[in-house]
Amino acid sequence: MLCPPGGNPRTPRHLISAADLTRDDAVLILDTAEEMARVADRPIKKLPTLRGRTVVNLFFEDSTRTRISFEAAAKRLSADVINFSAKGSSVSKGESLKDTALTLEAMGADAVVIRHGASGAPYRLATSGWIDSAVVNAGDGTHEHPTQALLDAFTMRRRLVGADAGLGRDLEGRRITIVGDILHSRVARSNVHLLATLGAHVTLVAPPTLVPVGVDRWPCEVSYSLDAVLPKSDAVMMLRVQRERMNAAYFPTEREYSRRYGLDGERMAKMPGHAIVMHPGPMVRGMEITAQVADSDRCTAVEQVANGVSTRMAVLYLLLGGSETALPSAAARTEENNA
Ligand code: NCD
């Protein structure tokens, strides 16, 4: 999956799905992200690695964190960044994905980071032959959001194992609980795949109406009782109810949902002392999470955003510029020698 242009031509150079990542791929990204995080601690947070490369952020759906995170990541690697959002572009005049892609290709994009409401749009872009650039899925419909799963794994590794975790086996046996609107959540799908690849045990907790058909084939367990699962969790990931993707009533009232599936201080107290609360954002305080929990030390939501930049730097670096051995310090030296 992750192979820079000029690498093995038979290996695709895209990141479409967390399910495509081998354990080695995932560990390479997480270890590279750890190196990238060190750059964020420097007074000048920039590496010259992608100088002269162009990254296009192609966003057909609303986004706060993911778009600015990819933008910050590309800029910290010295790439040129073009932000393209469907609102205010010719897409709102009816332009197709194909014509939009051809425009980007004409502008010389080296990577296209795409968020789209249709599941499969990034795959279509990557396999259509319309463009020659690397494609990174930044969330497609209810399908996948692989960089979110990677930044979540990075956060769990740091909080539950430590930054200098040994290679590979670090999330092995950890118990991760994902709670809420699983049916519409690309974050849940990507996390289930990646966490299973990394050897963690995943339990999904949701009202029966928000559990997808076919979940029995996913590498995880399903429970309908949050209270029963909390004491056995190392991390509890709360999900937003994705109203924008709902065309029916999936639960009686918001109050009833919060009562059964929301995380408040009392419930959080049932978690083991070391366990963390995660949320990909945006949080709806009072619905799936109370303000008390969101603002507590155990909640990693803000940390996840910071870790997102390091993780996306790692992904862009590995797709566009890096080789397996060239971690940032070595890459920076090579750039200097070539300058
Ligand atoms: C998520 C998304 O867009 O899939 N957010 C994110 O990328 N941080 C989850 C959500 O919108 O609830």
Side-chain angles (χ1 to χ4, degrees), residues 15-19 33 57-74 83 85-87 113-123 136-156 176-195 204-207 210-212 235-246 250-251 254 257-258 261-263 276-289 293-294 299-313 315-316:
L15 178 55
I16 305 299
S17 161
N57 279 326
L58 180 60
F59 277 63
F60 292 90
E61 260 192 6
D62 294 342
S63 170
T64 308
R65 272 155 290 272
T66 306
R67 195 187 58 72
I68 60 176
S69 178
F70 270 109
E71 182 174 353
N83 286 316
S85 75
K87 272 184 206 138
V113 176
I114 176 172
R115 168 167 287 197
H116 202 288
S119 301
Y123 178 79
V136 182
N137 180 3
D140 61 330
T142 59
H143 174 229
E144 278 236 28
H145 192 353
T147 59
Q148 180 69 44
L150 285 161
L151 76 88
D152 290 338
F154 181 85
T155 305
M156 287 179 224
I176 317 300
T177 302
I178 307 179
V179 187
D181 183 1
I182 310 293
L183 180 63
H184 300 104
S185 178
R186 51 203 180 196
V187 175
R189 272 171 191 70
S190 288
N191 262 289
V192 167
H193 289 305
L194 184 67
L195 289 167
L204 305 177
V205 180
L210 290 175
V211 174
V236 177
M237 187 182 296
M238 303 306 296
L239 299 174
R240 184 176 65 87
V241 173
Q242 309 229 335
R243 292 208 171 277
E244 71 277 22
R245 300 189 206 285
M246 291 185 178
Y250 288 87
F251 46 84
E254 289 194 359
Y257 180 89
S258 301
Y261 298 99
L263 191 62
I276 54 170
V277 176
M278 306 181 74
H279 199 303
M283 293 191 272
V284 183
R285 289 168 181 241
M287 179 69 175
E288 74 274 11
I289 192 165
V293 176
C299 180
T300 60
V302 177
E303 216 171 293
Q304 286 167 260
V305 176
N307 291 342
V309 178
S310 311
T311 308
R312 288 166 178 134
M313 283 173 79
V315 167
L316 291 173

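These numbers were taken from a predicted model, which means no experiment stands behind them. First listed ligand is number 1; within each ligand, the first listed atom is number 1.
Looking only at protein heavy atoms, the nearest one to atom 3 (O) of ligand 1 is R186 NH2, 2.9 Å. Of the protein's non-hydrogen atoms, the one nearest atom 12 (O) of ligand 1 is R240 NE, 2.8 Å. The shortest contact between atom 8 (N) of ligand 1 and any protein heavy atom is with P280 O, 2.9 Å. Protein heavy atom in closest approach to atom 7 (O) of ligand 1: H145 NE2, 2.8 Å. Considering only non-hydrogen protein atoms, atom 10 (C) of ligand 1 sits nearest to Q242 NE2, 3.2 Å.
Between I289 and M287 there is no side-chain heavy-atom pair separated by less than 4.5 Å.
Between the side chains of S17 and E144, a donor-acceptor pair is found at a separation under 3.5 Å.
Here the OG1-CD distance, from T155 to Q304, works out to 5.0 Å after rounding to the nearest 0.5 Å.
For ligand 1, the atoms sitting less than 4.0 Å from at least one non-hydrogen atom of Q148 are 6 (C), 7 (O), 8 (N), numbered in the order shown with element in parentheses. Counting the atoms of ligand 1 from 1 in the order shown, those under 4.0 Å from a heavy atom of V187 are 1 (C), 4 (O), 9 (C).
Annotation: Y123, atom OH; neighbour count of heavy atoms from other residues, nucleotides and ligands within 6.0 Å does not exceed 12.
Here R115 has side-chain heavy atoms under 4.0 Å from ligand 1, and that is the only part of it that gets that close. Of all the heavy atoms of L239, none lies under 4.0 Å from any atom of ligand 1, so neither backbone nor side chain is involved.
With sequence neighbours excluded, the residues that form a side-chain contact (heavy atoms from CB on, under 4.5 Å) with T142 are S119, H184, R245.
Side chain of D140 to backbone of G120: a donor-acceptor contact under 3.5 angstrom is found. R240 contributes no side-chain N or O that, together with a main-chain N or O of G281, makes up a donor-acceptor pair within less than 3.5 Å.
In the candidate list A138, G139, G281, S190, G281 is nearest to atom 1 (C) of ligand 1, counting heavy atoms.
The closest approach between S63 and ligand 1 stays at or above 4.0 Å for every heavy atom of the residue.
A cation-pi arrangement is found for R312 relative to F70, the charged atom lying closer than 6.0 Å to the ring centre and inside a 45° cone about the ring normal.
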